[in-house]
Amino acid sequence: MPGYKYSVYNSAKRNTGNRRSGGGNKRRGEYINPERFIKAATPMEETLYESKHKFADFAVATIIHDNLTAKGYETPSAIQDQTIALGLEGNDVIGIADTGTGKTAAFAVPIINQIVTSQNSRALIVAPTRELAQQIEDECRSIGKGGGFTGALLIGGTGMGTQLRDLKNKPRLVIGTPGRIKDHMERGTLKLDLFNLVVLDEVDRMLDMGFVNDVSFILDSMAPIRQSFFFSATMDPRVQGLIRTFSKDPKTVSVKSGETGANIHQDVVRFSGTHEKMEKLHDLLISNEVAKVIVFDETQRNVEKLSNELITRGFKADAIHGGKSQGQRQRALDNFKGNRTNVLVATDVAARGIDVSDITHVINYSQPQSYQDYVHRIGRAGRAGNVGYAITFVSK
Ligand code: AMP
């Protein structure tokens, strides 16, 4: 085991009184040996990817070139460099990549080019969470601006009014979460039989969240001859199974560096009892190194309670969980992105798809249910090649 120790939480000094908060250390998921939460970062081993193309080289519509230039996209990231070329040739593509690698534009460029250049092309993009669907929509909107097509964003937690109006316009780009897409299909407000392009983003999360039947139902309703893009951070047998069922001779592009969380310092904080746990969290949060942090806790109730406790203690904290309305979740995310808060307390589900590039720390105030969840959590830090920190609370 590497000897690296992230020791700031042992040395911070402050006086906070004697408040209590936080839960115990009860867990229901798989047992994970705490040793697995300790690992030094090895960012030096990362090699810089040399792109074979410039965006200017891709044979896409002028309007897309213009929009990419306006966005400041000049050199493609690794996943973009390889996926865009394969996608433009009409291949089914499997992309193994995390959020933060530029995967959105990797599928958005070929898909939007197809929509812009062929009136008969229609695309569906399915994402596991509302936040991710919203981020994809923002990216697609800016890449496809002025392209002569309309879109619809179909996510839960928001009213049906706008969605029904957008669907009446016969959108050729539909982005959404599985539940709401299926809902519209069952109401008869969305017909997919002419949709010949599909993206499944974060397939592994989608399966983790129990969407396998919804996703299969959706794909079965699409045009039988279609081009598919599958993106996933991990490639386990379930993901492979789904892709095998729904793809045709796919080409795989992987930009994973191999080792999980290679650029993330991982360590544990040991505590006994809820009081010490809270105090150690406080120590951690007041240290200078902790600039922007996601704190994971287990239930909506605990997340709310912990966030309130941190606010009482003077931290710029907010909570994000499934019990909040879409508007509240978006506001919490905007405040966090805009540095009006710097501590976001979250449940696993609510944190999925959060793309905030300058998160320095992930704190697992309660342990994840599985090692795979752990890997997803810590991947929120250390984005864009930065070194990040992941600290997991472990009962003594
Ligand atoms: P993604 O992984 O798709 O969520 O993208 C991560 C962030 O990188 C987003 O804020 C994108 O706007 C940005 N981005 C993606 N591709 C490029 C690129 N080729 N050049 C500059 N910024 C990019």
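Order of appearance sets the numbers: ligands from 1, and atoms from 1 within every ligand.
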### NZ/NE/NH1/NH2 to OD/OE distance under 4.0 Å, Lys103 and Glu139
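So Lys103 does not pair with Glu139 through a salt bridge.
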### Task
Please determine if Arg329 and Asp318 form a salt bridge, counting it only when a charged side-chain N lies under 4.0 Å from a carboxylate O.
no
### Donor + acceptor pair across side chains of Asp81, Ser51 (<3.5 Å)
yes
For ligand 1 and [X], I'd like to know whether there is a polar contact (N/O to N/O, distance under 3.5 Å).
X	answer
Gly102	yes
Glu74	no
Lys71	no

### Query
Between Phe58 and Phe55, how do the two ring planes meet: parallel, tilted or perpendicular, split at 30° and 60°?
perpendicular
### Task
May I ask you to decide if the ring planes of His282 and Phe315 are parallel, tilted or perpendicular, using 30° and 60° as cut-offs?
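Taking Phe315 first and then His282, their aromatic rings stand perpendicular (interplane angle over 60°).
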### Task
Assess Ile79 for proximity to ligand 1: is some non-hydrogen atom of it under 4.0 Å away?
no
### Message
Out of all atoms in ligand 1, which are within 4.0 Å of some heavy atom of Phe55? Include the element for each.
### Response
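Listed by number with element: 19 (N).
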### Message
Using a 4.0 Å cutoff against the non-hydrogen atoms of Thr104, which atoms of ligand 1 qualify?
### Response
1 (P), 3 (O), 4 (O)
### Query
Hey, what do you get for CZ (Phe296) to CZ (Arg377), rounding to the nearest 0.5 Å?
5.5 Å
### Message
Checking contacts here: is it the side chain or the backbone of Glu139 that comes within 4.0 Å of ligand 1, counting heavy atoms only? Could be both or neither.
### Response
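It is the side chain that touches ligand 1; the backbone stays farther off.
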